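Hydrogens, waters and symmetry mates play no part in the numbers below; they use all other heavy atoms, side chains included. As the structure lists them, so they are numbered: ligands from 1, and atoms in each ligand from 1. Predicted model only: the values in this text are computed from it and were never measured.
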Amino acid sequence: MTQEHFDRTIDRDQRIEPRDWMPDAYRTTMVRQIAQHAHSEIIGMQPEGEWITRAPSLRRKAILLAKVQDEAGHGLYLYSAAETLGADRTGLTEKLISGRQKYSSIFNYPTLSFADVGVIGWLVDGAAICNQVPLCRSSYGPYARAMIRICKEESFHQRQGYELLMALMRGTDAQREMVQDSVNRWWWPSLMMFGPPDADSTHTAQSMAWKIKRHTNDELRQRFVDMTVPQAEALGVTLPDPDLRWNADRGHHDFGEIDWSELKRVISGDGPCNAERIDVRRTAHEDGAWVREAAAAHAAKQTAAPSSKQIAERAERRP
Ligand code: FAQ
């Protein structure tokens, strides 16, 4: 099980599994991407979670609760996938709350109205699907398999977001304005989710060679724009880009220049909500210490050899 086996497995489009030999750099890259992805799901619970107590009806509250819970589940599958590479969850959480590991830039923007819940479902989950469906064919087995279920749930999330926005667009002028304002704020950050342009992407070439990534950042961004434009038209909202138009020669939509300095700022910790997001996560982690301790103590009890008193008690309980 060496480099030759690894190369052959990648060439044949087969999966690398946890016990297979893999180059150190492949393992490091996988841990980096899976950890960032897991952190994004967990931090991503916050912007929408803030609206659970303020949802306008019981139905919307139930939907939102379920969605936010799904994101927690995605985080857990992904931390488990990272564990198969030897990266334990405690260590990864420490790295997140001390700023040594990243999470998606998109979750550093505030949710100012309930329309943001719909727009996050439509645009943010929509972008996540575009990015993640190809990851179902990623070369690392546990990651690719986790992604199948995650993508199914993200597709459902996207539809619930779109359905919420359709309801608002059928409502009053004030509700339609609320949706447009939300689209104006989330459109450009959603395009930034796909990462820097290919020319500036540190990892794309190697990750494509290892078949971790199946498409470049720019290819996926273009796919997202092409998919979203007709949805915006059907909804009756305007995407805030005067340069957005169909290019028949390319068979794609052209779109305006993205403010890459904003992405750099947000990634490096200086977005509107970075400090708050990490603060909330750190507090939740500290507040949950007793649960982890209790669970560990319980697990230790289960695995410990039973005492003579326990053996006697169990014997007595037997019919
Ligand atoms: N934000 O060389 P590349 C979701 C970093 S889940 C922050 O192009 P790569 C579900 C990048 O890490 C959303 N950092 O990197 C949901 C690298 O830094 P490093 C998360 C970013 O890995 C919905 C550097 O810039 N999805 O939304 C970003 O080849 C609603 C250079 O970049 C995933 O994680 C960014 N936007 O490509 C949850 C999907 N972009 O590590 C709740 C899996 C780039 O050298 C509510 N990940 N960076 O320090 C991927 O597909 C890839 O990792 C990319 C980046 C495409 C994100």
Side-chain angles (χ1 to χ4, degrees), residues 25 28-51 64 67-75 77-78 81-82 95-96 99-109 111 116-136 138 140 143-144 146-147 150-151 153-158 160-161 186 188-210 212-221 223-224 258 260 262-271 274 277:
T28 305
T29 295
M30 273 329 305
V31 170
R32 178 188 65 81
Q33 177 162 330
I34 298 174
Q36 284 180 10
H37 195 166
H39 297 330
S40 303
E41 301 281 357
I42 298 297
I43 296 277
M45 294 166 73
Q46 291 183 38
E48 289 169 282
E50 286 172 12
W51 282 90
L64 186 53
K67 182 191 190 263
V68 172
Q69 251 171 6
D70 281 354
E71 310 298 359
H74 298 173
Y77 313 148
L78 290 164
K95 284 187 182 144
L96 168 68
R100 282 176 291 149
Q101 273 179 351
K102 295 187 169 78
Y103 58 92
S104 180
S105 50
I106 192 74
F107 303 116
N108 291 307
Y109 293 86
T111 40
D116 288 6
V117 170
V119 169
I120 288 177
W122 174 38
L123 295 181
V124 176
D125 284 279
I129 295 164
C130 258
N131 171 259
Q132 289 168 33
V133 166
L135 294 174
C136 297
S138 186
Y140 188 58
Y143 187 48
M147 214 50 68
I150 291 177
C151 285
E153 292 179 353
E154 300 291 25
S155 301
F156 193 59
H157 294 171
Q158 199 227 10
Q160 74 76 35
W186 290 93
W188 292 104
S190 298
L191 295 189
M192 293 175 199
M193 281 176 73
F194 294 91
D198 292 349
D200 299 336
S201 167
T202 331
H203 304 290
T204 294
Q206 181 61 76
S207 288
M208 298 269 290
W210 277 330
I212 294 170
K213 282 168 88 161
R214 295 294 184 148
H215 304 280
T216 71
N217 299 354
D218 287 334
E219 283 166 7
L220 294 171
R221 193 170 4 251
R223 190 179 284 188
F224 174 68
I258 294 172
W260 296 116
E262 177 177 325
L263 177 65
K264 278 194 192 132
R265 237 184 5 259
V266 176
I267 290 183
S268 60
D270 193 19
N274 295 57
R277 299 291 185 235

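In summary, the side chains of E154 and H157 do present a donor paired with an acceptor at a separation below 3.5 Å, with no hydrogens or angles considered.
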What short N/O contacts, under 3.5 Å, does ligand 1 make with the protein, listed by atom pair and distance?
from     : atom 1 : to   : atom 2 : distance (Å)
ligand 1 : 1 (N)  : S105 : N      : 2.8
ligand 1 : 1 (N)  : S105 : OG     : 3.4
ligand 1 : 2 (O)  : S201 : OG     : 3.0
ligand 1 : 2 (O)  : T202 : N      : 2.9
ligand 1 : 2 (O)  : H203 : N      : 2.8
ligand 1 : 8 (O)  : S201 : OG     : 2.8
ligand 1 : 8 (O)  : N217 : ND2    : 2.8
ligand 1 : 12 (O) : Q36  : OE1    : 2.8
ligand 1 : 12 (O) : Q36  : NE2    : 3.1
ligand 1 : 18 (O) : K102 : NZ     : 3.3
ligand 1 : 22 (O) : R32  : NH1    : 3.1
ligand 1 : 22 (O) : R32  : NH2    : 3.1
ligand 1 : 29 (O) : K213 : NZ     : 2.6
ligand 1 : 36 (N) : S105 : OG     : 3.0
ligand 1 : 36 (N) : M192 : O      : 3.4
ligand 1 : 36 (N) : M193 : O      : 3.3
ligand 1 : 37 (O) : K213 : NZ     : 3.0
ligand 1 : 41 (O) : R32  : NH1    : 2.9
ligand 1 : 41 (O) : Q36  : NE2    : 2.8
ligand 1 : 45 (O) : H203 : NE2    : 2.6
ligand 1 : 49 (O) : K102 : NZ     : 2.3
ligand 1 : 51 (O) : N131 : OD1    : 3.3
ligand 1 : 51 (O) : N131 : ND2    : 3.1

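Among Q160, K67, Q158, Q132, the one residue that satisfies the side chain to side chain donor-acceptor pair (under 3.5 Å) test with D125 is K67.
Ring pair Y143/H37 is perpendicular by interplanar angle, where above 60° counts as perpendicular and below 30° as parallel.
For Y103, there are no ring-ring contact (aromatic ring centres under 6.0 Å, His included) partners two or more places apart in sequence or in a different chain.
Listed for the Q101 side chain is no donor-acceptor partner under 3.5 Å among the backbone atoms of K95.
Distance CD1/I258 to CZ/R221: 4.5 Å, rounded to 0.5 Å.
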